[in-house]
Peer 1: 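The structure that follows is given in the form of structure tokens.
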Amino acid sequence: MAKIAVLGNGSWGSVLGSMLADNGNDVVLYGNIDSVNQEINEHHTNTHYMKNWKLNPNVPATGDLEKALEGAEIVLFVLPTKAVRIVAKNVRKVLDKSGATPLLVTATKGIEPGSKKLISDILTEEIYPNNSEKIVAISGPSHAENVAQKDLTAIACASTSEENAKRIQEVFSNNYVRFYTNDDLVGVEVGGAVKNVIAIAAGILVGQGYGDDAKAALMTRGLAEITRLGVNYFGAKPMTFSGLSGIGDLIVTCTSVNSRNWRAGKQIGEGKSLDYVLENMGQVVEGATTVKAVHELAQEKKIDMPISEAIYRVLYENANVEDEIKQMMGRTPKPEIQL
Ligand SMILES: NC(=O)C1=CN([C@@H]2O[C@H](COP(=O)(O)OP(=O)(O)OC[C@H]3O[C@@H](n4cnc5c(N)ncnc54)[C@H](OP(=O)(O)O)[C@@H]3O)[C@@H](O)[C@H]2O)C=CC1
Ligand SMILES: O=C(CO)COP(=O)(O)O
């Protein structure tokens with residue numbers, strides 16, 4: 001059992017926090033919206049993010065980061081990618097004062113545009129320079145809506161330290177969520193981040209009226225380009241992409257109505273603008289941010305990522321979806337397996 005600070009009280013943060021309290025841990029949720037903290041404290045609900053659901057009543061929420069981190073042995077980041085660096089800087093200030101050295105866990109799935117850094121790199125840089133062993137990433141096919149209902153779920157927990165991955169496996173596992181350790185931290189993070197871009201593409205295909213063959217082709221070729229980026233730029237192990245954080249997460253995100261990225265893509269495929277979709281989603285659509293980093297990497301490092309590049313052009317260069325599909329299907333013929 002452990003004292004855990006969960007940073008981010010949106011959908012996934014509040015469900016993971018509640019699950020960790022169900023597991024017998026001492027949990028505090030930290031969030032930046034006062035009305036959400038108040039609702040959690042007074043009613044044990046978080047209705048904007050999670051309808052018809054109650055948190056474990058033993059989970060308090062606070063907007064005071066110092067209070068949330070007091071005595072924490074584990075700090076779980078469940079923030080949108082865009083908020084991780086700024087919150088990490090504030091965490092560092094608090095830890096510098098207290099001298100505490102908690103394990104850092106990231107459930108955030110994204111790559112930071114500009115720096116092109118994974119979340120574990122940001123946490124290492126901002127909190128534990130030169131010691132990535134204190135970082136564990138959890139990633140896999142898991143929607144807050146399913147875990148809230150105690151549906152069966154399997155997730156990878158990855159670290160360069162076997163001991164730390166095992167510690168998180170022990171604290172997080174229960175009889176409905178099973179955690180598997182993995183030593184490929186970057187591979188697990190790349191799978192979780194870039195599948196969000198492919199999920200937008202899967203939604204666009206449905207919005208345009210394409211069928212199951214198109215979806216299967218997209219997921220398979222999507223995995224090929226995720227693997228290419230992971231192995232060639234981040235130094236990931238190819239086998240990781242056959243696991244929970246690779247093909248596993250890609251399956252759930254490209255086929256579930258719970259997926260925000262898929263739902264965003266579907267609306268774009270039906271002709272809505274990106275601005276309209278993001279404004280009305282009310283929750284983070286990570287693929288729309290991560291695709292910028294993926295585009296920068298594909299261009300700079302000459303990594304062949306045709307699906308992600310097409311999504312970038314549709315979202316940010318006003319490209320026409322039908323033209324992009326025509327162009328993609330008409331590319332020079334090539335062998336299937338090419339890293
Ligand atoms: N939902 C899910 O099922 C899963 C989500 N994830 C990942 O977890 C991460 C979080 O997702 P999710 O919980 O769904 O997102 P949500 O959009 O549901 O919630 C994110 C929360 O973080 C808040 N936030 C934004 N900036 C800050 C800040 N600077 N300080 C504190 N809080 C802040 C947001 O507030 P505001 O609305 O004001 O911006 C919002 O309340 C994402 O990377 C996602 O990909 C991973 C697996 C499953
Ligand atoms: O990462 C997630 C599921 O594993 C959540 O993102 P989506 O809601 O887009 O699927």
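First listed ligand is number 1; within each ligand, the first listed atom is number 1. Residue numbers run from 1 in the order of the sequence given. The figures that follow rest on heavy atoms only: side chains count, while hydrogens, waters and symmetry mates do not.
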Peer 1: Side chains of Glu162 and Thr181 only: does a donor on one sit below 3.5 Å from an acceptor on the other?
Peer 2: no
Peer 1: Quick one: do Glu163 and Lys166 make a salt bridge, cutoff under 4.0 Å?
Peer 2: no
Peer 1: One line per pair, note the atom names and distance for all nitrogen or oxygen contacts under 3.5 Å between ligand 1 and the protein.
Peer 2:
residue	atom	partner	partner atom	Å
ligand 1	1 (N)	Arg260	NH2	3.2
ligand 1	3 (O)	Ala144	N	2.7
ligand 1	13 (O)	Ser11	N	3.3
ligand 1	13 (O)	Trp12	N	2.9
ligand 1	14 (O)	Arg260	NH1	2.9
ligand 1	14 (O)	Arg260	NH2	3.2
ligand 1	17 (O)	Val284	N	2.9
ligand 1	18 (O)	Ser11	N	2.9
ligand 1	18 (O)	Ser11	OG	2.6
ligand 1	32 (N)	Asn32	OD1	3.2
ligand 1	37 (O)	Tyr49	OH	3.0
ligand 1	41 (O)	Tyr49	OH	2.7
ligand 1	43 (O)	Lys109	N	3.0
ligand 1	43 (O)	Glu286	OE2	2.6

Peer 1: Could you tell me, atom by atom, which parts of ligand 2 come under 4.0 Å of a heavy atom of Thr253?
Peer 2: 7 (P), 9 (O), 10 (O)
Peer 1: I need the single residue from Asp249, Val190, Ile251 that forms a side chain to side chain contact (heavy atoms under 4.5 Å, CB included) with Lys195. Which is it?
Peer 2: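 Exactly one candidate clears the test, Asp249.
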Peer 1: Would you call Val136 and Phe172 a side-chain contact if the rule is heavy atoms closer than 4.5 Å?
Peer 2: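 No, every pair of side-chain atoms sits at 4.5 Å or beyond.
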Peer 1: Counting distance only, does the side-chain N/O of Asn46 pair as donor-acceptor with the main-chain N or O of Asn9 below 3.5 Å?
Peer 2: yes
Peer 1: Give a yes or no on this: more than 12 heavy atoms of other residues, nucleotides or ligands lie within 6.0 Å of atom NZ of Lys334.
Peer 2: yes
Peer 1: Counting each atom of ligand 2 from 1 as listed, which ones have a heavy atom of Asn258 under 4.0 Å away?
Peer 2: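 Under 4.0 Å from Asn258, ligand 2 has these atoms: 8 (O).
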Peer 1: Of the backbone atoms (N, CA, C, O) and the side-chain heavy atoms from C-beta on, which set of Asp249 has a member under 4.0 Å from an atom of ligand 2: side chain, backbone, both, or neither?
Peer 2: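 The side chain, only.
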Peer 1: Can you pull out the closest protein heavy atom to atom 8 (O) of ligand 2? Residue, atom name and distance to 0.1 Å, please.
Peer 2: Arg260 NE, 2.6 Å
Peer 1: Please classify the Val285 to ligand 2 contact at 4.0 Å (heavy-atom distances, strictly less than): side chain, backbone, both or neither.
Peer 2: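 None of Val285 does.
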Peer 1: Would you say Val28 ends up clustered with Leu7 if hydrophobic residues are merged whenever their side chains have heavy atoms under 4.5 Å apart, either directly or through other cluster members?
Peer 2: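 Different clusters.
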Peer 1: Would you indicate whether Arg228, at its atom CZ, is surrounded by more than 12 heavy atoms from other residues, nucleotides or ligands within a distance under 6.0 Å?
Peer 2: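 Atom CZ in Arg228 is crowded, with more than 12 foreign heavy atoms closer than 6.0 Å.
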Peer 1: Please work out whether any backbone atom (N, CA, C, O) or any side-chain heavy atom from C-beta onward of Lys195 is under 4.0 Å from ligand 2, and answer side chain, backbone, both or neither.
Peer 2: side chain
Peer 1: Of all the atoms in ligand 2, which lie at a distance below 4.0 Å from a heavy atom belonging to Asn261?
Peer 2: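 Answer, ordered by atom number: 6 (O), 7 (P), 9 (O).
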Peer 1: Going by the order shown, which atoms of ligand 2 are within less than 4.0 Å of some heavy atom of His143?
Peer 2: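 The atoms of ligand 2 under 4.0 Å from a heavy atom of His143 are 3 (C), 5 (C), 7 (P), 8 (O), 10 (O).
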Peer 1: With no hydrogens and no angle check, just 3.5 Å: does a side-chain donor-acceptor pair link Ser259 and Thr253?
Peer 2: yes
Peer 1: If you count the atoms of ligand 2 from 1 in the order shown, which ones are under 4.0 Å from a heavy atom of Gly140?
Peer 2: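 Near Gly140, the atoms of ligand 2 are 4 (O).
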Peer 1: Can you tell me if Lys266 has over 12 outside heavy atoms packed within less than 6.0 Å of its NZ?
Peer 2: no
Peer 1: Which of the atoms in ligand 2, numbered in the order shown and given with their element, are less than 4.0 Å from a heavy-atom of Lys109?
Peer 2: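 Close to Lys109: 1 (O), 2 (C), 3 (C), 4 (O).
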Peer 1: Can you report which non-hydrogen protein atom sits closest to atom 3 (C) of ligand 2, along with the distance?
Peer 2: Ser142 O, 3.2 Å
Peer 1: Salt bridge check: are Glu112 and Lys117 linked by an N-O gap of less than 4.0 Å?
Peer 2: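 No.
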